[in-house]
Amino acid sequence: MISVEEAQHKISERLAPLPSELVDIESARGRVLAEPLHSDRDLPPFNRSTFDGIALSYQSIAQGTRKFPITGTAYAGSPKVVLTDLDSCVEIMTGAPVPDKANCVVKVEDLEIKDGFATLNDGVELSEGFGIHSQGSDCPAGKTLLQPGCLLTAKELSIAASIGKPQLLVSRTPRIAIVTTGDELVEISALPLPHQIRRSNDLALQVSLQSAGYRNITRHHILDDLAATKATVQSILQDTDVLILAGGVSKGKRDFLPEALENAGVTKAFQWVSQRPGKPLWFGDFEGEGKPTYVFALPGNPVSCFTCLHRYVLPALAEVSGQTPGPSQFARLKCEFRFDPPLTLFLPVMLSGDESGRLWADPLPFNTSGDYISVARTQGFIELSRSESIFPKGTSHRFYPWSV
Ligand code: AMP
Ligand code: MG
């Protein structure tokens, strides 16, 4: 049996990023950027007025002039106008280019405009550069604005639009297949016989993946049959980047997955991890035509399955999608917790915040790894190291949120 850290390492060392593709910016939301984006010109590209008012030379104000003849009007979207005389002014609108010789904008609220003259109101305080958003002050031309690996949401896409990128290079979306196994499992709409249960893991896996942004998902269910399992796995492998199986991976007499996967040509990297829940976790890869398929076989118990998805599969998917990982979250135990077995414990917790912004984790007392009803009251789990058995109140542990 290997440790959680070893399992994590054996997965990471096999993962390679998916190739990239060009997509229209209109359909790039939720994709991972695969190229750096640079500003194509200074931002703002010209000295722009930040107010509606007048533009003029500050020197004339400093010399005591309060009344200025208006010699023109500068509109947003019109070419830059000229300030002919340093003792005159032009009317200017927000977003319009400021004339070359002007270095101050006075707000319309601070003026009186009458008979072709603008007069400053008494007590108006001004300075050189006031009211001007100067060229390049947000960023100079050529600066890197976004790095590969960033997730494209509205704010990143607005940057891409502003620098003239109608198409973007993004990582290809992983093709994911979910395969559940079990003779006892029936459809959601079925009325189960006394010995049957309705399937729920496949839906839980699919919805978690969708909320993490993965859309390219197929679902399959197979009975506990070696030949059928092998045939299904073989038929899916070639067109799948990440294969997630659930159930049939433990030591039961009809747990055929490890054998079926190896028969289908998947190379096992490991099985059995010193963790609870999720000990039977199996991971391997398949070398298809020019590209690998990563195969995770998760235990069927709903809590084990859900926990292993969040602890191993979602981070692996982020990595193959080229996504830069966000900061890890940590939470403090709200009470002392004891756990003796030499296993890493993934402990479901109810999370709360205090006034200093610290997160507190209140452990859920739950029965078995099958108790998915209680887990629904939690927001995620903390990871408690197998090297200790007493975890004092207030100690900080890595927190993994459930996808929402
Ligand atoms: P297994 O890992 O196949 O031994 O399954 C362990 C437990 O999880 C059994 O009680 C199964 O009935 C249950 N289980 C397996 N797959 C699913 C599923 N797709 N939905 C709900 N429960 C499942
Ligand atoms: Mg089973």
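Just so you know, ligand 1 is whichever comes first in the structure, and atom 1 is the first atom listed for that ligand.
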Quick one: does atom 12 (O) of ligand 1 have a protein heavy atom under 4.0 Å from it?
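So atom 12 (O) of ligand 1 has protein heavy-atom neighbours under 4.0 Å.
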
Are any of the side-chain nitrogens in E21 or R31 under 4.0 Å away from the carboxylate oxygens of its partner?
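Salt bridge present between E21 and R31.
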
Run the ring-centre check on Y312 versus Y294 and record whether the distance is less than 6.0 Å.
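No, they do not, as the ring centres are separated by 6.0 Å or more.
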
Apply ring pair (Phe, Tyr, Trp, His ring centres under 6.0 Å) to F391 and list each qualifying residue two or more places apart in sequence or on a separate chain.
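Ring pair (Phe, Tyr, Trp, His ring centres under 6.0 Å) list for F391, sorted by chain: H397.
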
What are the atoms of ligand 1, with element, lying closer than 4.0 Å to any heavy atom of [X]?
X: R199; result: 20 (N)
X: G248; result: 1 (P), 2 (O), 3 (O)
X: I197; result: 12 (O), 22 (N)
X: E184; result: 9 (C), 11 (C), 12 (O)

Would one find an N or O of N201, backbone or side chain, under 3.5 Å from an N or O of ligand 1?
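By distance alone, the answer is yes.
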
Do G300 and ligand 1 have an N or O pair less than 3.5 Å apart?
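In this structure, G300 places an N or O atom under 3.5 Å from an N or O of ligand 1.
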
Verify whether one side chain among N121 and E109 offers a donor that lies under 3.5 Å from an acceptor in the other.
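No, no side-chain donor-acceptor pair sits under 3.5 Å.
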
Go through the side-chain N and O atoms of E5 and H9 and say whether any donor and acceptor fall under 3.5 Å apart.
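No, no side-chain donor-acceptor pair sits under 3.5 Å.
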
Looking at ligand 1, is there an atom of it that comes within less than 4.0 Å of some heavy atom belonging to S200?
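Judged by the 4.0 Å heavy-atom criterion, S200 does count as contacting ligand 1.
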
Using the salt bridge (Lys or Arg N to Asp or Glu O under 4.0 Å) criterion, which residues pair with R254? Sequence neighbours excluded.
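With neighbours one apart ignored, the set is D183.
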
Given F346, which partner from the list F339, F381, W402 fulfils the ring pair (Phe, Tyr, Trp, His ring centres under 6.0 Å) test?
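Filter result, single survivor: F381.
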
For ligand 1, is any non-hydrogen atom under 4.0 Å from V249's backbone (N, CA, C, O), its side chain (CB onward), both, or neither?
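It is neither; nothing of V249 touches ligand 1.
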
Heavy atoms only, cut-off 4.0 Å: how does N301 contact ligand 1, side chain, backbone, both, or neither?
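Near ligand 1, N301 shows its backbone as well as its side chain.
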
Nearest heavy-atom neighbours spanning S208 and L309
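Between these two residues, the closest heavy atoms are CB-CD2, 3.4 Å.
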
In terms of residue, atom name and distance, what is the protein heavy atom nearest to atom 4 (O) of ligand 1?
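For atom 4 (O) of ligand 1, the nearest protein heavy atom is D255 OD1, 4.2 Å.
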
